[in-house]
Structures are given as C-alpha cells and as structure tokens.
Enquirer: 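If you scroll down you'll find the structure; I have some questions about it.
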Amino acid sequence: MKDEAFSYVSPLGAVSYRWDGKVCRAVHLLAAAASAPRGHDPVRAWLDAYFAGGSAPLPRLAEPRSPFQSAMRAALLAIPFGETRSYGEIAASLGTAPRAMGQALGANPLPLLIPCHRVVAAHGPGGFSCGPEWKRRLLAFESGSTGL
DNA sequence: GCATTTGTGGCTT
DNA sequence: AAGCCACAAATGC
C-alpha cells in the first residue's frame, strides 16, 4: 500500500499526514509551512472541520499497535472539544500508571487526530511530541473557539 | 512553598 | 530483556 504524505496548511501551522487511500497511518505536526495540500481525503476534511472550530467524525485511522493504545485513543477522544484532562485522569480511567500514559501518548502515531494535546499534566503544561508550541497553540485555539 | 525521590506501567531499542 | 518517559504523590528542606 502506498501511504502518501500530504501536507495540510492550518491556521496554527502545517500538518503532515500519511494517507494511504484507506486509513490514516500517521500524523505529524510540522514547525514550518509546507507544500499546499492537494488531496481530497477524510483526513483533510477532518482537519478543515477541526480548524473551523468544530468537531468532526474521525477518518479511518490505522489500527493501534497495542490494545492499550486503543483504549487510550478512546479515552482521549472522549475529551470534549476545548477541555483538557490530566494524565492522571486518563491513567485512572485506563487503570494504568500516569507514566505509562505519557509514554503511550508520546508514542501515539496519530497526534491531533487523537486529541493528545488536550492531555496536560496535573500541575503543569506537560509535554508534546511534536513540540510544546503546537500544544499551546492548539489549546489556545480550542479555548478561544469554544467559550468565545 | 519548592526540590528531590519513589512508585508505576507501557513503549522503544 | 533493559532502558526510557510527555506523570503523580509523597517526603525532605
């Protein structure tokens, strides 16, 4: 299968994702702008809807590497738009340790699609795989889109 | 109140 | 199998 790398230029930055025509295999948040987006795929539709300030049904994502990531994905998707959960909350929800959550989230191949940016530390901003600025940007965006 | 240490469970190599 | 980690809660100061 040919997983093509698409680039989506969002108001918050450039997002690169891999779409093989059926499922979204990976998502990567870039630091700088990239080439103009070109394909018509559910991923792009979702991104468009998301950055429009709303939520949309996720495209078909690649299956998680482990069952745990599946649960983690569900737990993350359960977080409402514009809200944030702590690692401890998610960890407790999954019945695991907070540290495992950090690793699992960090190993998450599909950031943004899976709202891992909505997961913050209990007493701090936490971290982000694709750069803390993205997390901050996304949270600020969601915060402004909802209550404003 | 802030700094350090330990407990913890999954992920990467 | 061993090391690493995007945390949290409990001490120590």
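To find a chain, count down the sequence lines: A is the first, B the second, and so on, and within it residues start at 1. Just so you know, these numbers come straight off a predicted model, no measurement behind them.
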Enquirer: Considering Watson-Crick and G-U wobble pairs with both distances under 3.5 Å, what does C:dA1 pair with?
Expert: B:dT13
Enquirer: Rounded to the nearest Å, what distance is computed from the CD atom of residue A:Gln103 to the P atom of nucleotide B:dG10?
Expert: 12 Å
Enquirer: In the structure I gave you, are the side-chain heavy atoms of A:Ile114 and A:Leu61 within less than 4.5 Å of one another anywhere?
Expert: yes
Enquirer: Just checking A:Gly88: base, sugar-phosphate only, or nothing, at a heavy-atom cut-off of under 4.0 Å?
Expert: sugar-phosphate
Enquirer: Atom OH of A:Tyr87 to atom P of B:dG7: distance rounded to whole Å?
Expert: 23 Å
Enquirer: Quick one: is B:dC11 close enough that its OP1 or OP2 comes under 4.0 Å of any side-chain N or O from A:Ser66?
Expert: yes
Enquirer: Taking only N and O in the side chain of A:Arg65, is any of them less than 4.0 Å away from OP1 or OP2 of B:dG10?
Expert: no
Enquirer: Along DNA chain C, 5' to 3', what are the outermost nucleotides having an atom less than 4.0 Å from a heavy atom of chain A?
Expert: C:dC4 to C:dA8
Enquirer: May I ask you to test the A:Val120-A:Lys135 pair for a side-chain heavy-atom distance under 4.5 Å?
Expert: yes
Enquirer: Between A:Phe68 and A:Pro98, which residue's closest nucleotide on DNA chain B lies nearer the 5′ terminus?
Expert: A:Pro98
Enquirer: Is there side-chain contact between A:Met72 and A:Cys116, with at least one heavy-atom pair below 4.5 Å?
Expert: no
Enquirer: Is there a side-chain contact between A:Tyr8 and A:Val27 (heavy atoms, below 4.5 Å)?
Expert: no
Enquirer: Taking only N and O in the side chain of A:Gln69, is any of them less than 4.0 Å away from OP1 or OP2 of B:dC11?
Expert: yes
Enquirer: Could you tell me whether the side chain of A:Tyr17 reaches within less than 4.5 Å of the side chain of A:Arg44, counting heavy atoms only?
Expert: yes
Enquirer: Could you check which residues of residues 119-131 of chain A get a heavy atom under 4.0 Å from DNA chain C? Sort them by number, please.
Expert: A:Ala121, A:Ala122, A:Gly127, A:Ser129
Enquirer: Is A:Thr96 close to A:Met101 at the side-chain level, that is, under 4.5 Å between some pair of heavy atoms?
Expert: yes
Enquirer: Would a 4.5 Å heavy-atom cut-off, applied to side chains only, mark A:Trp134 and A:Pro111 as touching?
Expert: no
Enquirer: Please report the shortest heavy-atom distance between A:Cys130 and A:Leu29, naming the atom on each side.
Expert: CB-CB, 3.5 Å
Enquirer: Are A:Val119 and A:Leu112 connected in a single hydrophobic cluster, I mean Ile/Leu/Val/Met/Phe/Trp/Tyr linked by side-chain heavy atoms less than 4.5 Å apart?
Expert: yes
Enquirer: Of A:Asn108 and A:Gly102, whose closest DNA chain B nucleotide lies nearer the 5' terminus?
Expert: A:Gly102
Enquirer: Rounded to whole angstroms, how far apart are CZ on A:Arg99 and P on B:dC11?
Expert: 15 Å
Enquirer: Searching all strands shown, indicate the nucleotide that pairs with B:dT8 (Watson-Crick or G-U wobble; both distances under 3.5 Å).
Expert: none
